[in-house]
Amino acid sequence: MRKHIVAGNWKMNNGIIQTETLIADLKKQEKTSNAEVMIAPTFTNLWHAFQSSKQSGIEVIAQNMHFAEEGAYTGEISAGMLKSIGIQTTILGHSERRAYFNETDESLAKKVDAAMANDIRVIFCFGEELSDRKAGNEASVVESQIKNALFHLSADAFTNIVLAYEPVWAIGTGETATPEQAQDMHAFIRKTLAEKYGNDLADSVSILYGGSVKPNNAKEIFSKPDVDGGLIGGASLKAEDFFAIVNAF
Ligand code: 13P
């Protein structure tokens with residue numbers, strides 16, 4: 001059975017004090033669902049967040065990492081560094097990284113390899129732009145993003161891969177994909193996985209939806225059979241809203 005996961009991507013928000021406060025608030029929330037809960041603070045707050053979240057059932061994860069093990073990459077963070085403070089999962093390939101930091105399928109394939117080599121679980125993000133959807137190209141864009149960055153992996157590696165479909169036009173815009181649009185794309189992603197790796201593997205991989213998920217729309221989106229959870233931006237910055245989404249399962 002694949003897992004339900006709700007992950008909060010805090011992006012470049014919250015200094016150390018706000019991080020402390022938000023984690024304290026998150027720990028006060030009641031969890032009534034079976035979803036795994038994750039939060040992704042910025043690098044400077046990871047260690048502190050990790051320490052504060054121990055025994056809370058909330059996993060602290062990274063937003064990004066570099067593909068090299070170490071060396072002359074000013075401003076970057078390696079898989080080993082994340083591991084050294086206890087971090088076991090990272091987001092990779094977020095559309096903001098692709099758009100503003102020139103991340104490509106090729107560089108992401110290298111990052112995925114570095115994560116696998118270090119036994120770090122990856123939440124791999126991808127999704128089409130509005131222009132792709134208007135042109136009816138959303139499926140082919142998503143297919144090539146997945147194939148180019150992930151299809152060199154062995155089947156075994158997928159125990160450490162979570163997929164996150166985040167249509168760019170729905171991120172931070174207040175405009176969500178309809179539950180049907182999300183379901184259609186998630187079913188297509190699972191079919192793409194099945195064609196390469198077989199049905200059993202495709203059925204075992206969690207596929208999250210991201211893009212303006214809020215307490216008032218989470219239940220309907222999560223009710224779709226191929227939607228296994230959410231990657232939450234804005235609504236993850238308020239403890240009550242985030243747990244309303246966690247508890248939408
Ligand atoms: P919003 O929930 O703010 O649209 O952000 C989604 C996202 O980018 C999560 O990674």
Side-chain angles (χ1 to χ4, degrees), residues 4-14 18-19 22 26 35-43 45-46 49 58-65 82 87 89-103 108 111-112 115 120-130 132-133 138 141-142 145-146 149 161-179 181-182 185-186 189 206-222 224 227-249:
H4 290 160
I5 297 171
V6 178
N9 177 7
W10 290 8
K11 307 189 180 184
M12 199 172 75
N13 293 295
N14 291 335
Q18 293 140 311
T19 296
L22 181 48
L26 289 168
E36 272 187 43
V37 182
M38 304 177 186
I39 55 171
T42 49
F43 285 134
N45 297 319
L46 277 179
I58 298 171
E59 182 183 353
V60 174
I61 71 172
Q63 297 178 14
N64 180 34
M65 55 165 244
L82 295 177
I87 303 298
T89 303
T90 188
I91 297 169
L92 287 179
H94 193 280
S95 64
E96 289 147 18
R97 304 265 348 143
R98 293 176 190 257
Y100 308 138
F101 302 97
N102 303 320
E103 294 201 354
L108 287 167
K111 289 186 175 206
V112 168
I120 287 188
R121 177 161 61 159
V122 170
I123 299 181
F124 183 76
C125 304
F126 53 87
E128 83 282 1
E129 313 248 353
L130 185 56
D132 301 319
R133 187 160 276 267
E138 64 272 17
V141 167
V142 160
Q145 287 172 326
I146 295 173
I161 301 278
V162 172
L163 300 180
Y165 169 57
E166 297 205 304
V168 177
W169 47 270
I171 296 178
T173 59
E175 187 173 342
T176 14
T178 65
Q181 284 173 322
M185 184 60 86
H186 284 220
I189 294 161
S206 298
I207 308 177
L208 316 185
Y209 168 80
S212 299
V213 179
K214 307 286 178 202
N216 65 5
N217 60 23
K219 211 177 185 75
E220 216 188 332
I221 295 171
F222 293 170
K224 295 295 174 191
V227 177
D228 305 309
L231 187 54
I232 319 301
S236 72
L237 299 173
K238 284 203 186 120
E240 294 81 15
D241 287 357
F242 186 55
F243 264 77
I245 295 170
V246 169
N247 291 334
F249 268 112

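Indexing begins at 1, ligand by ligand and atom by atom, following the structure's order. Along the sequence shown, residues carry numbers from 1. Nothing here was measured: the structure is a model prediction, and the numbers come from that model.
In this structure the side chain of Leu108 never reaches within 4.5 angstrom of the side chain of Arg97, judged on heavy atoms. Looking at Phe43 and Leu82, their side chains come closer than 4.5 Å, going by heavy atoms from C-beta outward.
Among the atoms of Lys214, none of the N or O lies under 3.5 angstrom from an N or O of ligand 1. Polar contact with ligand 1: absent for Ile232 (N/O pair, distance under 3.5 Å). Taking distance alone, with nitrogen or oxygen atoms compared against 3.5 Å, Thr173 stays at or beyond that limit from ligand 1. On a distance-only criterion, His94 and ligand 1 share at least one N/O pair closer than 3.5 Å.
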Determine whether His94 and Gln63 satisfy the following criterion, side chain to side chain donor-acceptor pair (under 3.5 Å), listing intermediate values before the conclusion. CA-CA 8 Å; His94 193 280; Gln63 297 178 14; over 6 Å; no
Could you walk me through whether Ile91 and Cys125 pass the side-chain contact (heavy atoms from CB on, under 4.5 Å) test, one step at a time? CA-CA 7 Å; Ile91 297 169; Cys125 304; 3.6 Å; yes
Thr19 vs Trp10, test: side-chain contact (heavy atoms from CB on, under 4.5 Å). Steps then yes/no. CA-CA 10 Å; Thr19 296; Trp10 290 8; 3.7 Å; yes
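Listed here is the closest heavy atom pair of Gly127 and Val168: O-CG2, 3.9 Å. Shortest non-hydrogen contact noted between Leu92 and Asn64 is CD2-OD1, 4.0 Å. The nearest pair of heavy atoms linking Thr176 to Ala170 is CA-CB, 4.2 Å.
Between Glu175 and Arg133 there is no salt bridge, since no side-chain nitrogen of the basic residue lies less than 4.0 Å from a carboxylate oxygen of the acidic one.
Closest to atom 2 (O) of ligand 1, if we only count protein heavy atoms, is Gly233 N, 2.9 Å. The nearest heavy-atom contact from the protein to atom 7 (C) of ligand 1 is Glu166 OE2, 3.1 Å.
When each atom of ligand 1 is checked for a heavy atom of Ser212 under 4.0 Å away, the hits are 1 (P), 2 (O), 4 (O). Near Gly234, the atoms of ligand 1 lying under 4.0 angstrom from a non-hydrogen atom of the residue are 1 (P), 2 (O), 3 (O). Close approach of ligand 1 to Gly211 (heavy-atom distance below 4.0 Å) involves ligand atoms 4 (O), 6 (C). Within ligand 1, the atoms closer than 4.0 Å to a non-hydrogen atom of Leu231 are 9 (C), 10 (O), numbered from 1 in the order shown.
Here Asn9 has side-chain heavy atoms under 4.0 Å from ligand 1, and that is the only part of it that gets that close. Residue Ser236 does not touch ligand 1, judged by heavy-atom distances below 4.0 Å.
Taking 4.0 Å as the cut-off, Ala170 counts as a neighbour of ligand 1 on heavy-atom distance. Ligand 1 lies out of reach of Gly210, whose nearest heavy atom is not under 4.0 Å from it. Within the 4.0 Å heavy-atom shell around ligand 1 one finds Gly172.
Between Phe249 and His4, the ring-plane angle classifies as parallel under the 30° and 60° cut-offs.
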